[in-house]
2 protein chains.
Amino acid sequence: MSQPTATVRELIREHYTDLTQSERKFANALLENYPAAGLASITIVAAQTGVSTPTIARMVQKLGFKGFPQFHQALLKELQAKVSGPTERRANWATEAPESHLLNRFAKAVTQNIQTTFSNVPSEAFDAAAQLLANTDQTLFIVGGRITHALADYAFTHLQAVRPRVIHLTSSSATWPHYLLDMARGDTLLMFDIRRYESNLLRLAELARERGVDVVLITDQWASPVAEIASHSFTCWVEIPSAWDSNVSTLMLLEALIAAAQEEAWPQTKARYERLDGLFEQTRLFRKPGSQ
Amino acid sequence: MSQPTATVRELIREHYTDLTQSERKFANALLENYPAAGLASITIVAAQTGVSTPTIARMVQKLGFKGFPQFHQALLKELQAKVSGPTERRANWATEAPESHLLNRFAKAVTQNIQTTFSNVPSEAFDAAAQLLANTDQTLFIVGGRITHALADYAFTHLQAVRPRVIHLTSSSATWPHYLLDMARGDTLLMFDIRRYESNLLRLAELARERGVDVVLITDQWASPVAEIASHSFTCWVEIPSAWDSNVSTLMLLEALIAAAQEEAWPQTKARYERLDGLFEQTRLFRKPGSQ
DNA sequence: TGCCATGTGGAAAGTTTTTTTCAGAACAGG
DNA sequence: CCTGTTCTGAAAAAAACTTTCCACATGGCA
């Protein structure tokens, strides 16, 4: 191998752009299950990945190995080094970085948040909220705060693909009265409110509630005052060692809700997705999709 | 292998008395340098130990293996098991819901994505990118695609709080040439490109690159073509059992980058945060912060 | 000393793995 | 819609590996 110090992982990263579609398929399989996915014979490895042996052979040469056996040996050496190394703690995420590196500290905190968040989701409320989000007989309004308007935007983009009648309340609260005008009994308002809670949002929620709108709230562990009004509210753990809050768990819960809403009404959703795809094709905005 | 639970080490000890002189020579060599001395091909292993290949072959059969390949596999498995450690798989996330509930399936997939993503972040590139994001001498441009513009928006909101001279390229690509006009050598362009990759973004990256702008790319495991141009590119695993891709790992990486950039220039950032807070107070947009 | 049992490795035979070749398929660009 | 390029995997060829066979060496024993 040309770079004696580089790990196979690094070599893949370095050469990734040179790799073809099938080669990447194997590269990804290996990175996802490292290094186990590369330890068998080339024949077996190829079969497991779903590509041909020549593809693997070509790829390891691109990585700088003379042939598959050399590649195989390199993986083995890494594995050994890992075992014999100084009491390898698997707590490290960014495998090469020290435990104290921000990447690892950050990963630890966020993982903890996700864990706590998901452990505390009441599944009936979740299912009920998903049903509300999927209910196409009524309109769905989405709104977020200063920071969370990006999440609201994300929710809007996806839910719009899932169902019709989705409306995103722009962040300028001056225009909210216009939207309130159109809210009707049975509609749903999906609201994000993470500290510092905005009084605007509370007022909006109150007015919506008065009109018989179901409020679904996604908030943080200190709970926005909107929670008292909401039909369903979900608590996300957001604290990280930083001046601001992490929204990873928030996004994760949101995505879960979208996935659930999508499953709720799959036949219609599927047709809708296909129409959307067709429209994109026509506007030629996009290249052909990536592999897989 | 006949005794599925026994390690090769134990097998050798158990059968040691049955072994002949040359066989013991190999057994000792293996025990002294375990398991490295047994990981190569039978030919090499034999040569290194100073015995013949038939000797090795006979011995592994005495140990209960069908042949050398089986023996080899057994060693490999032990090594892997050692690395992956006590596989602490979290069974259920949403504690009260059944494993098959969408919440749990979803959590499992996303956790896997996060784990893989963070394992594959090259820490030098991460540090370098953070430095670019924190460099206030130059302008920072941020742009995203159809789905990822929400992430770009999120990045913009936070980075704007961290430093001056941050510009968010609105999603309408018609206006991009205006921004290009102002890009100068040494500026940074933070770009999100998740499949399906948009040709607009590639062209933008190319033009920016020509002007001497450093492109920091956040993409998915199939790698946007922009990766070939980018100064630093980061791969996020985004696949979930769904028609669309999850951006949890993407957001997590983004937040880590923001946190790193913030740490990079904390004194200025801190003062800036305080000024921002003061401004919010004055505009009375917000209630008093939540507890803690 | 001669005979036999046992251990050992060279080399052939057999098997598997790896590499190479090549033709068709997919794709980008004109 | 065509054209040249790149990519891919089936299959053949080459290489490597593993096993088997067998002759030879060694050492115990009558």
Side-chain angles (χ1 to χ4, degrees), chain A residues 1 15-30 37-76 281 284-292, chain B residues 1 8 15-30 37-76 195-200 202-203 206 222-226 228:
Chain A
M1 97 195 225
H15 292 274
Y16 198 82
T17 51
D18 302 339
L19 302 183
T20 69
Q21 213 167 308
S22 320
E23 286 166 355
R24 288 180 186 193
K25 205 168 163 190
F26 169 59
N28 288 328
L30 178 56
L39 289 179
S41 77
I42 193 174
T43 322
I44 293 167
V45 161
Q48 280 176 349
T49 315
V51 299
S52 65
T53 51
T55 300
I56 309 265
R58 280 188 291 259
M59 154 157 168
V60 299
Q61 282 177 9
K62 278 190 191 171
L63 256 42
F65 297 98
K66 194 173 154 288
F68 185 82
Q70 284 71 34
F71 164 81
H72 191 257
Q73 280 298 107
L75 279 179
L76 276 178
E281 276 307 317
R284 298 186 168 279
L285 266 172
F286 297 91
R287 284 167 38 110
K288 274 280 153 60
S291 62
Q292 293 198 12
Chain B
M1 118 186 211
V8 172
H15 293 273
Y16 197 80
T17 50
D18 303 341
L19 302 183
T20 69
Q21 207 172 313
S22 319
E23 285 166 359
R24 288 183 186 188
K25 204 170 163 188
F26 168 59
N28 290 332
L30 178 56
L39 287 178
S41 75
I42 192 173
T43 321
I44 294 167
V45 161
Q48 281 177 346
T49 316
V51 299
S52 67
T53 50
T55 301
I56 310 268
R58 279 188 293 260
M59 153 156 166
V60 299
Q61 282 177 9
K62 278 190 191 169
L63 256 44
F65 297 99
K66 193 172 156 290
F68 186 82
Q70 284 71 32
F71 165 80
H72 192 260
Q73 280 296 106
L75 280 179
L76 225 57
R195 74 173 178 187
R196 309 140 114 222
Y197 314 116
E198 300 171 28
S199 48
N200 282 333
L202 177 57
R203 237 168 289 140
E206 282 167 349
W222 301 287
S224 148
V226 175
E228 292 180 41

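Residue numbers start from 1 in every chain, and the chains themselves are labelled A, B, ... in the order their sequence lines are given, proteins ahead of strands.
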Please answer whether the main-chain N or O of [Y] pairs with a side-chain N or O of [X] as donor and acceptor at a distance below 3.5 Å.
| X | Y | answer |
| --- | --- | --- |
| Thr49(A) | Val45(A) | yes |
| Lys62(A) | Asp18(A) | yes |
| His72(A) | Ser41(A) | no |
| Glu23(A) | Thr20(A) | yes |
| Gln70(A) | Gly67(A) | yes |
| Arg24(A) | Tyr16(A) | yes |

Discussion item. Angle between the two end axes of the helix from dT1(C)-dA30(D) to dG30(C)-dC1(D), five base pairs per end, rounded to 10 degrees?
Written reply: 10°
Rounded to the nearest angstrom, tell me the gap between atom [atom1] in [X] and atom [atom2] in [N].
| X | N | atom1 | atom2 | answer |
| --- | --- | --- | --- | --- |
| Met59(B) | dG7(C) | CE | C1' | 16 Å |
| Asp18(A) | dT6(D) | CG | C1' | 14 Å |
| Lys62(B) | dG7(C) | NZ | P | 6 Å |
| Lys25(B) | dG7(C) | NZ | C1' | 14 Å |
| Gln73(A) | dT18(C) | CD | P | 11 Å |
| Gln21(B) | dG27(D) | CD | C1' | 11 Å |
| Glu23(B) | dG9(C) | CD | C1' | 13 Å |
| Arg24(B) | dG7(C) | CZ | P | 10 Å |

Mind checking the [atom1]-[atom2] spacing from [X] to [Y]? Nearest 0.5 Å is all I need.
| X | Y | atom1 | atom2 | value |
| --- | --- | --- | --- | --- |
| Leu39(A) | Leu39(B) | CG | CG | 9.5 Å |
| Arg58(B) | Phe26(B) | CZ | CZ | 13.5 Å |
| Trp222(B) | Leu19(A) | CH2 | CG | 15.5 Å |
| Arg195(B) | Ser224(B) | CZ | OG | 13.0 Å |
| Ile42(A) | Thr55(A) | CD1 | OG1 | 9.0 Å |

Worksheet item: Looking only at heavy atoms, what is the nearest atom pair of Ala46(B) and Ser52(B), with distance?
Response: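 So the two residues come closest at CB-C, 3.8 Å.
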Worksheet item: Tell me, for nucleotides 19-25 of chain D in 5' to 3' order, what letter each nucleotide earns: B for a base near a protein heavy atom under 4.0 Å, S for only sugar-phosphate near one, - for neither?
Response: BB-----
Please determine whether a side-chain nitrogen or oxygen atom of [X] lies at a distance below 4.0 Å from atom OP1 or OP2 of [N].
| X | N | result |
| --- | --- | --- |
| Thr55(A) | dG9(D) | yes |
| Thr20(A) | dC7(D) | no |
| Ser22(B) | dG7(C) | no |

Worksheet item: Which part of the nucleic acid does Thr43(A) contact within heavy-atom distance under 4.0 Å: base, sugar-phosphate only, or nothing?
Response: base
Could you list, one pair per line, each protein nitrogen or oxygen that sits under 3.5 Å from a nitrogen or oxygen of nucleotides 3-5 of chain D, together with the distance?
none

Worksheet item: To the side chain of Val51(B), which of dG9(C), dG9(D), dC17(D) is closest?
Response: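 Output: dG9(C).
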